[in-house]
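Here is the structure we will look at.
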Number of protein chains: 2
Amino acid sequence: MLKNKATIKDVAELAGVSIKTVSRVTNREGSVKPDTLERVNQAIEQLNYQPNTAARNLAGRKSYALGYVYDNPNAYYVLDMQNGILAECRDRGYELVIHPCSATNKGIIDELATMVKRSQLAGLIISPPLSEMPDVLTGLDKLNIPYIRVISGSEVQVNSSPCVYINDRDAAFEITEHLIEQGHTKIAFLRGDECHRSSHERKIGYLQALEKHGIQSDHRYQIDGSYSFEFGVSGAKQLLQLEDPPTSIFSCNDEIAAGALFAVRLEGLDVPSQISIAGFEDSPFSRQTWPKLTTAAQPTNVIARKATASFIQYLSSRKDDDPHNDLVPHLQFKPELVLRESTLNQARNENVN
Amino acid sequence: MLKNKATIKDVAELAGVSIKTVSRVTNREGSVKPDTLERVNQAIEQLNYQPNTAARNLAGRKSYALGYVYDNPNAYYVLDMQNGILAECRDRGYELVIHPCSATNKGIIDELATMVKRSQLAGLIISPPLSEMPDVLTGLDKLNIPYIRVISGSEVQVNSSPCVYINDRDAAFEITEHLIEQGHTKIAFLRGDECHRSSHERKIGYLQALEKHGIQSDHRYQIDGSYSFEFGVSGAKQLLQLEDPPTSIFSCNDEIAAGALFAVRLEGLDVPSQISIAGFEDSPFSRQTWPKLTTAAQPTNVIARKATASFIQYLSSRKDDDPHNDLVPHLQFKPELVLRESTLNQARNENVN
DNA sequence: TAACTAGGTGACAGCGTTGTCATTTGTGTG
DNA sequence: CACACAAATGACAACGCTGTCACCTAGTTA
């Protein structure tokens with residue numbers, strides 16, 4: 001296929017040194033006299049030598065590959081994460097190994113361990129819901145596999161592993177407050193999957209906003225479900241059948257909101273004049289409805305990139321014998337409120353695009 | 001937990017064979033007696049053995065890594081492809097390097113060449129629209145980089161590179177014929193992106209069905225656009241404004257169909273009793289509408305998997321000095337008609353789930 | 001002067017797998 | 001029964017690199 005590349009031997013021969021010395025140079029180990037260094041570098045340049053990664057990995061030492069582990073049904077989210085991670089990896093000369101898996105799989109830890117070993121991964125990047133499962137994390141800790149995780153959380157947990165916190169709680173608080181400011185007091189909440197921490201965080205934010213504004217929390221308005229269009233439809237239907245239905249629905253994500261919107265419009269209600277609907281995530285769903293959805297934007301791509309950058313930094317600086325250094329990265333992001341027509345009475349816009 | 005991973009030696013010992021025989025099994029080289037094979041496979045399973053990629057790459061002249069190259073806005077499609085490829089790669093002990101890129105980028109060939117070299121890839125898997133761009137293909141041919149591509153096409157092009165053909169044409173024919181059987185004669189067609197061959201193939205199928213049944217093709221009913229929800233909305237609106245609007249709309253994919261469905265229902269029309277709508281692809285969109293969409297299912301995951309399997313087989317069997325052997329894989333798939341409520345007058349179902 | 005240091009350097013043994021080629025086993029033939 | 005020939009299997013040397021450890025200088029100390 002491609003040209004046979006120069007090996008370390010060729011370089012050594014040309015520079016008149018042993019292969020070990022060449023290795024010292026390429027790995028910046030030091031202990032090389034300046035003029036030897038010069039000669040070797042010249043030979044490397046002349047032959048356009050690039051160390052063979054396979055041989056390098058085989059022979060031992062660290063690897064230049066990360067793994068991205070996910071179990072998330074949301075294709076948009078996963079691809080956004082993946083693209084962000086990939087962008088940073090390319091920049092830093094790292095490889096990325098993708099690993100979709102099933103969180104319910106009992107042998108998940110073995111599976112991950114095998115993969116890490118096989119591909120000689122330097123560490124793992126883990127997104128929800130896997131990143132929020134204690135068993136998985138302690139399993140990895142036990143095996144001493146480094147990882148950074150993205151989770152839903154409003155506060156940094158000190159002394160824990162590298163982590164990126166998405167402050168869903170405060171963002172949900174803001175969305176709810178926005179609805180209250182629009183004059184709503186009967187605000188329903190459609191919650192996503194039990195196993196996603198974001199479901200709970202967003203609900204907490206919702207409840208806190210109600211409390212702050214002295215609105216009684218009403219259990220009939222709070223329905224638990226899953227992050228799906230279908231639940232949005234059924235949840236909204238259930239709400240509308242109440243003798244005193246809500247005037248607004250805050251859905252735990254855009255997919256649910258799209259379902260709710262669909263169901264509500266089928267009942268002949270106008271959005272937002274008769275009922276307001278808000279989502280969360282700023283996924284394509286939120287723009288592919290009419291009216292477009294008010295939501296909270298989490299720039300997943302950017303988050304993934306920054307997380308990856310921090311993680312790489314962390315990996316190369318950390319000492320194996322000193323796990324408790326102060327360089328453990330803890331990033332925080334808060335999704336931004338995005339106001340659109342689905343909750344804005346005054347700003348109705350008939351244009352779908 | 002198995003900190004020390006099993007090597008080929010351990011497997012060989014447990015199975016009572018030489019390491020070479022184990023290698024034969026893991027690489028499906030053949031020349032292994034059934035009962036030996038059985039024993040080795042059992043040992044592999046028992047030890048949870050996974051070949052070390054670094055060692056393989058080093059030892060063999062070939063590499064055990066593939067690249068997946070895509071430039072496709074459809075997250076569901078990309079992820080389906082990716083998961084399928086990945087599943088097969090895992091089975092075969094191959095690594096996968098993901099490479100999202102921009103088809104409009106002028107230096108795309110250089111970009112791919114660099115990546116192939118850096119990651120020592122054995123070959124590339126390419127999906128539309130990149131797989132349908134002649135410049136890209138000839139560029140890769142020139143560099144002698146092996147690839148398999150997935151394209152929309154109804155006929156095998158002999159003497160070309162490995163290829164997977166998705167017979168969109170015949171499937172579109174069937175969908176159109178189904179609409180005709182339902183009594184429709186005013187059938188509109190909303191076409192997707194110009195640069196996707198599938199747009200054209202599906203339209204050809206549509207036209208052929210009209211012709212076969214003696215229905216005059218009407219240009220006012222045929223609108224070109226893009227694979228997006230927005231186009232579905234605007235396209236449908238445009239159709240409904242005709243003084244003689246169509247009684248059914250065949251959309252080039254589910255996203256367009258979902259948009260069309262949305263627009264049509266906003267106009268107060270009932271689906272399917274007043275107007276029928278069909279999509280294509282069987283994406284989640286097709287199930288997240290009400291009524292659910294009639295569509296054509298292309299099992300992307302399976303297709304990706306089989307394509308990968310053939311490609312690996314091809315790569316390991318092919319001789320560098322004999323590029324024109326008869327083993328060049330040419331797979332064909334035809335999307336299956338999926339009948340749902342959006343086109344079935346008799347079978348209306350109020351249940352959204 | 002001998003002994004001791006430390007900075008440079010090289011010889012060599014793996015790392016886990018595949019390729020090559022030799023060897024063993026089985027099968028059909030005269 | 002011996003013989004040829006194919007199928008199945010194994011022994012062993014790569015593959016390109018790093019880790020270990022021994023060695024060789026000079027320069028320093030007592």
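Here is how names work: the chains are called A, B, and so on, in the same order as the sequence lines, proteins then strands, and each is numbered from 1.
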Rounded to whole Å, how long is the line connecting atom [atom1] of [X] with atom [atom2] of [N]?
X        : N       : atom1 : atom2 : result
Ile19(A) : dC15(C) : CD1   : C1'   : 14 Å
Leu58(A) : dT17(C) : CG    : P     : 8 Å
Glu29(A) : dG10(C) : CD    : P     : 14 Å
Ile8(A)  : dC17(D) : CD1   : P     : 5 Å
Lys20(B) : dA7(D)  : NZ    : C1'   : 15 Å
Lys33(B) : dA8(D)  : NZ    : P     : 8 Å
Asn52(B) : dC17(D) : CG    : C1'   : 13 Å
Asn27(B) : dT20(C) : CG    : C1'   : 15 Å

| message | Ring-plane angle category for Phe311(A) and Tyr314(A), please: parallel below 30°, perpendicular beyond 60°, tilted otherwise. | response | parallel
Distance below 4.0 Å between [X] side-chain N/O and [N] OP1 or OP2:
X        : N       : answer
Ser31(B) : dT9(D)  : no
Ser18(B) : dT9(D)  : no
Thr21(A) : dG10(C) : yes
Thr7(B)  : dC15(C) : no
Arg56(B) : dT18(C) : yes
Tyr64(B) : dG16(C) : no

| remark: The single option from Cys163(A), Pro128(A), Pro162(A) that satisfies side chain to side chain contact (heavy atoms under 4.5 Å, CB included) with Arg149(A) is Cys163(A)
| message | Does the protein touch nucleotides 21-28 of chain D at the base, only the backbone, or not at all? Give it as B, S and - per nucleotide, heavy atoms under 4.0 Å. | response | --------
| message | Less than 4.0 angstrom from a charged side-chain N to a carboxylate O is my criterion; do Glu13(A) and Lys9(A) meet it? | response | no
| said: Using a 3.5 Å distance criterion without hydrogens, assess whether the side chain of Thr300(B) forms a donor-acceptor pair with backbone atoms of Gln298(B). | reply: yes
| For the side chain of Glu88(B) and the backbone of Ala309(B), is there at least one donor-acceptor N/O pair under 3.5 Å apart? | no
| Contact class for Thr53(B) (heavy atom, under 4.0 Å): base, sugar-phosphate, or nothing? | nothing
| task | Just compare dT18(D), dT9(C), dA14(D) and give me whichever is closest to any side-chain atom of Thr26(A). | result | dT18(D)
| field | Side-chain donor-acceptor contact under 3.5 Å, Thr7(A) with Asn52(A) | value | no
| task | Would you please test Arg92(B) and Asn27(B) for side-chain hydrogen bond (donor to acceptor under 3.5 Å, both in side chains) and show each step? | result | CA-CA 7 Å; Arg92(B) 302 271 193 146; Asn27(B) 290 296; over 6 Å; no
